[in-house]
Amino acid sequence: MGARGPRIRSCGNQRSVGEISLDIRETVIRLSGPVSLKATLECGQAFRWKPAAFPGRPALPVAYRGVIGELALAVGQTSPVTSEIYVAWDPSSVSLSGPSYVSQVVRRYFSDEDDIKTIEGVLSRSGGVMAEAVAYGRGLRILTQDPWECLASYVLSLNKNIPAISKTVEYLAGCFGEPAGMGAFGFPSPGAIASQDVSSLRQSRCGFRDKYLYDAAVKVLSGDVDLELVRSMPVEEARQELMKIKGVGPKVADCVLLFGYHRLDVFPVDVWIARAVSRYFMGGKKLGPREAREFGERRFGAFAGYAQEHLFYWIRNAAPR
DNA sequence: AAACAGGTGCTAA
DNA sequence: TTAGCACCTGTT
């Protein structure tokens with residue numbers, strides 16, 4: 001057997017991983033601008049991608065396995081930054097599986113409408129360390145993820161490191177999500193989470209976040225927090241709406257707005273970004289998260305989200321110590 | 001072994 | 001309004 005999908009652990013609602021079908025389909029998608037799968041999938045905005053050989057093309061130098069919504073995929077490219085993405089999927093295990101559907105899902109997820117060349121140009125010329133950061137992360141794209149999955153994932157991310165978050169998300173998908181093909185599962189719906197006991201959610205090693213995840217599922221399911229309404233709300237109002245959920249503060253709310261709703265003018269601030277803003281833009285002056293956020297939004301305007309993610313990727317992987 | 005991890009809720013000034 | 005602390009659990 002070839003590369004395998006995410007491992008499924010035992011859980012209350014044990015399910016087997018189906019054999020990976022031999023009938024794998026492939027297409028090549030040309031985006032309107034450059035993409036780096038590594039920068040995009042490893043910068044920490046999504047938790048479901050793992051490096052894995054591309055089915056039938058072991059020589060592709062860049063390849064990942066993951067899930068977009070209800071569709072499991074392999075993606076790859078021939079060099080670190082290209083405009084073309086190789087995509088493979090298993091048509092037998094998902095209902096909508098034609099190449100045009102898959103292509104539409106991939107284009108949307110990778111935010112094909114973003115003008116990456118322009119964004120990178122503007123940020124590179126914006127001064128300070130931005131030129132260096134953008135050069136390092138060239139081809140990084142802010143994804144357009146499902147808002148619910150994004151919300152739940154970031155609630156689970158509180159005070160956790162990225163590998164641990166991925167593990168919890170994979171576990172929840174394996175236990176409570178729907179089959180997505182290639183032996184993988186989609187992220188569970190609010191209803192699927194809300195119908196569990198808090199104690200069975202705890203088996204995902206989510207720790208004290210169990211009650212936050214449950215609260216999010218219940219409020220979204222009941223419409224107490226309306227994720228479709230959030231889409232059309234002004235940023236500050238949308239932030240307050242999301243923060244009605246326990247475990248959602250300013251940082252998580254901003255991540256959901258950026259990675260789930262593609263609000264490119266928000267600038268989520270975590271400890272790393274606060275550090276970066278202080279060190280590289282404020283001469284080392286200490287500043288609170290709110291000040292850092294306001295600085296980022298003002299300085300980078302409509303591209304604040306891209307600035308944030310480039311800074312984050314660069315400071316964590318390449319910035320001088 | 002002990003500290004830390006992409007924050008947030010709660011309580012006390 | 002804001003500072004300080006606890007919080008599950010895997011990883012370093």
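A, B, ... follow the sequence lines: proteins, then strands. Residue 1 opens every chain.
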- [ ] Using the P atom as the reference point in each nucleotide, state the distance between C:dT11 and B:dT8 in Å, no decimals.
- [x] 23 Å
Task: Sugar-phosphate, base or nothing in reach of A:Gly44, heavy atoms under 4.0 Å - done: base
Open item on the list: If I pick the P atom on B:dG6 and the same atom on C:dA3, what distance separates them, to the nearest angstrom?
Closed with: 23 Å
Open item on the list: Quick one, A:Asp114 and A:Tyr306 - any side-chain contact, counting heavy atoms below 4.5 Å?
Closed with: yes
Task: Distance between C1' atoms of B:dA3 and C:dA6 (Å, rounded) - done: 15 Å
TODO: Would you indicate whether the side-chain heavy atoms of A:Gln203 and A:Gln196 approach each other to under 4.5 Å?
DONE: no
Open item on the list: In this structure, how many angstroms lie between the P atom of C:dT9 and the NZ atom of A:Lys167, rounded?
Closed with: 12 Å
Task: Residue matched to B:dA12 through Watson-Crick or wobble contacts both under 3.5 angstrom - done: C:dT2
TODO: For the pair A:Ser36 (side chain) and A:Ala39 (backbone), establish whether a donor and an acceptor sit closer than 3.5 Å, ignoring hydrogens and angles.
DONE: yes
TODO: Looking at every strand, decide which applies to A:Tyr212 at a 4.0 Å heavy-atom threshold: base, sugar-phosphate, or nothing.
DONE: sugar-phosphate
- [ ] Mind calculating the distance between NZ (A:Lys211) and C1' (C:dC7) to the nearest angstrom?
- [x] 7 Å
- [ ] With DNA chain C as reference, determine whether A:Leu158 or A:Pro163 sits nearer its 5' end, using the nearest nucleotide of each.
- [x] A:Leu158
- [ ] Round to the nearest Å and state the distance from A:Leu213 atom CG to C:dC8 atom C1'.
- [x] 14 Å
Task: Bounds of contact between DNA chain B and chain A, in 5' to 3' order, using a heavy-atom cut-off under 4.0 Å - done: B:dA5 to B:dG9
Open item on the list: I need the CD1-P distance between A:Ile165 and C:dT11, as an integer number of Å.
Closed with: 12 Å
Task: Distance in angstrom units between A:Asn159 CG and C:dC5 P, rounded - done: 15 Å
TODO: Give one of base, sugar-phosphate or nothing for A:Pro289, where a contact means two heavy atoms less than 4.0 Å apart.
DONE: nothing
- [ ] Indicate if A:Val81 and A:Leu143 have the same hydrophobic cluster label, given that clusters are the connected sets of ILVMFWY residues with side-chain heavy-atom separations under 4.5 angstrom.
- [x] no
Open item on the list: Any base atoms under 4.0 Å from A:Ile162, or only sugar-phosphate, or nothing? Heavy atoms, all strands.
Closed with: base
TODO: May I have the distance from A:Arg205 (atom CZ) to C:dT11 (atom P), rounded to whole angstrom?
DONE: 11 Å
- [ ] Flag the pair A:Tyr154 / A:Phe47 as yes when their ring centroid distance falls below 6.0 Å, and as no otherwise.
- [x] yes
- [ ] In whole angstrom, give me the gap between the P atoms of C:dC8 and B:dT11.
- [x] 15 Å
Open item on the list: Is it the case that C:dC8 (base atoms only) and A:Arg202 (side chain only) share a donor and an acceptor within less than 3.5 Å, ignoring hydrogens and angles?
Closed with: no
- [ ] Could you label the plane-to-plane angle of the A:Tyr136 and A:Tyr313 rings as parallel, tilted or perpendicular, counting under 30° as parallel and over 60° as perpendicular?
- [x] tilted
Open item on the list: For the aromatic rings, using the six-membered ring if either is Trp, is the centroid distance between A:Trp314 and A:Tyr280 under 6.0 Å?
Closed with: yes
